[in-house]
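Residue numbers start from 1 in every chain, and the chains themselves are labelled A, B, ... in the order their sequence lines are given, proteins ahead of strands.
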Amino acid sequence: MSRAPRPLPPSFYQRPTEDVARDLLGRDLWRRLPGGEIAGGRIVEAEAYFGPDDPASHAYRRTLRSEIMYGPAGIAYIYFTYGMHYCLNVVCEPEGTAGAVLIRALEPRRGLAAMAARRGAAAIDGRGRPRSEAICSGPGKLTQALAIDHCLNGAPLQGPEIWLATGEEPVPDVLMDVTPRIGIRRGRDRLARFIVRDNPCLSR
DNA sequence: GTGACGATAATCT
DNA sequence: GATTATCGTCACA
């Protein structure tokens with residue numbers, strides 16, 4: 001007996017950010033692309049960002065941009081950075097407490113050709129086949145592959161444009177690893193990056 | 001295989 | 001005016 005895949009409910013996200021980040025490994029992220037096709041895959045890398053005590057977090061200071069991290073859980077926080085890239089976060093914690101998880105990498109499972117086409121030459125091999133380890137192996141890559149931009153900032157994560165689901169392939173505890181976060185200057189000491197060890201689709 | 005570097009614009013001081 | 005939760009390309013080994 002198979003259950004229809006159902007989106008993770010807001011209560012999933014209304015917990016300590018670190019718990020959500022760890023629990024997101026192995027879950028599926030799906031996106032209805034502008035053409036209507038469903039694309040996405042399995043989360044293999046995620047980072048937790050906290051509140052006023054975390055200098056790496058946008059919520060270190062409460063500003064117009066970071067206000068969304070203080071809001072209700074279960075919605076998307078998408079920001080633009082380096083003049084070029086979007087990054088996808090999921091807002092966590094009860095309303096009033098800041099926290100979000102940055103989705104950093106997916107193992108592509110569906111819509112590979114469409115995602116690879118959006119990513120360009122770097123995601124296609126010599127024979128024109130999608131390179132699965134190059135499609136969603138980074139926070140900027142996966143938003144490009146899935147057509148995620150500022151228009152989805154604040155969108156609910158229960159669909160229909162974007163949603164997360166239980167996942168068909170859970171991650172065994174022995175394959176989960178924790179490391180410092182990537183690409184930050186302050187807050188490097190904190191172990192808040194969660195990965196599926198040795199997965200070929202991790203970011204660099 | 002590694003490391004340096006430029007692109008490019010929103011956000012904040 | 002400085003900074004940035006990134007990526008692809010280019011040297012060089």
*Decide yes or no on side-chain contact (heavy atoms from CB on, under 4.5 Å) for A:R190 and A:D53, but give the supporting numbers first.*
CA-CA 11 Å; A:R190 204 157 182 169; A:D53 65 329; 3.6 Å; yes

*Which letters describe nucleotides 5-13 of chain C, given B = protein heavy atom under 4.0 Å from base, S = only from sugar-phosphate, - = neither?*
BBSB-----

_Worked verdict on A:E168 versus A:D28 for side-chain contact (heavy atoms from CB on, under 4.5 Å)_ = CA-CA 8 Å; A:E168 297 176 355; A:D28 289 335; 4.1 Å; yes

In a table with atom names and distances, give each donor-acceptor pair under 3.5 Å that connects a side chain of residues 104-116 of chain A to protein atoms at least two apart or in another chain.
residue, atom, partner, partner atom, Å
A:R104, NE, A:E45, OE2, 2.7
A:R104, NH2, A:S203, OG, 3.2
A:E107, OE1, A:R42, NH1, 3.3
A:E107, OE1, A:N199, ND2, 2.7
A:E107, OE2, A:R109, NE, 3.1
A:E107, OE2, A:R109, NH2, 2.5
A:R109, NH2, A:E169, OE1, 2.7

*Is it true that A:R181 and A:D54 have a side-chain N and a carboxylate O under 4.0 angstrom from each other?*
yes

*asked:* With side chain to side chain donor-acceptor pair (under 3.5 Å) as the rule and sequence neighbours excluded, what pairs involving residues 85-97 of chain A come up?
replied: A:T17-A:E93

*DNA chain B: stems of at least 3 consecutive Watson-Crick or G-U pairs whose donor-acceptor distances fall under 3.5 Å*: B:1-7 with C:6-12, B:9-12 with C:1-4

*For A:R193 and A:I182, indicate whether the former's side chain and the latter's backbone hold a donor-acceptor pair under 3.5 Å.*
no

*Flag the pair A:Y49 / A:H58 as yes when their ring centroid distance falls below 6.0 Å, and as no otherwise.*
no

_Counting only heavy atoms from other residues, nucleotides and ligands, does the tally under 6.0 Å from CZ of A:F80 exceed 12?_
yes

*asked:* Of all nucleotides in DNA chain B that come within under 4.0 Å of a heavy atom of chain A, which is furthest toward the 5' end and which toward the 3' end?
replied: B:dA7 to B:dT13

*Apply salt bridge (charged side-chain N to carboxylate O under 4.0 Å, His left out) to A:R197 and list each qualifying residue two or more places apart in sequence or on a separate chain.*
A:D177

*For atom CZ of A:R188, is the number of surrounding heavy atoms from other residues, nucleotides or ligands below 6.0 Å larger than 12?*
no

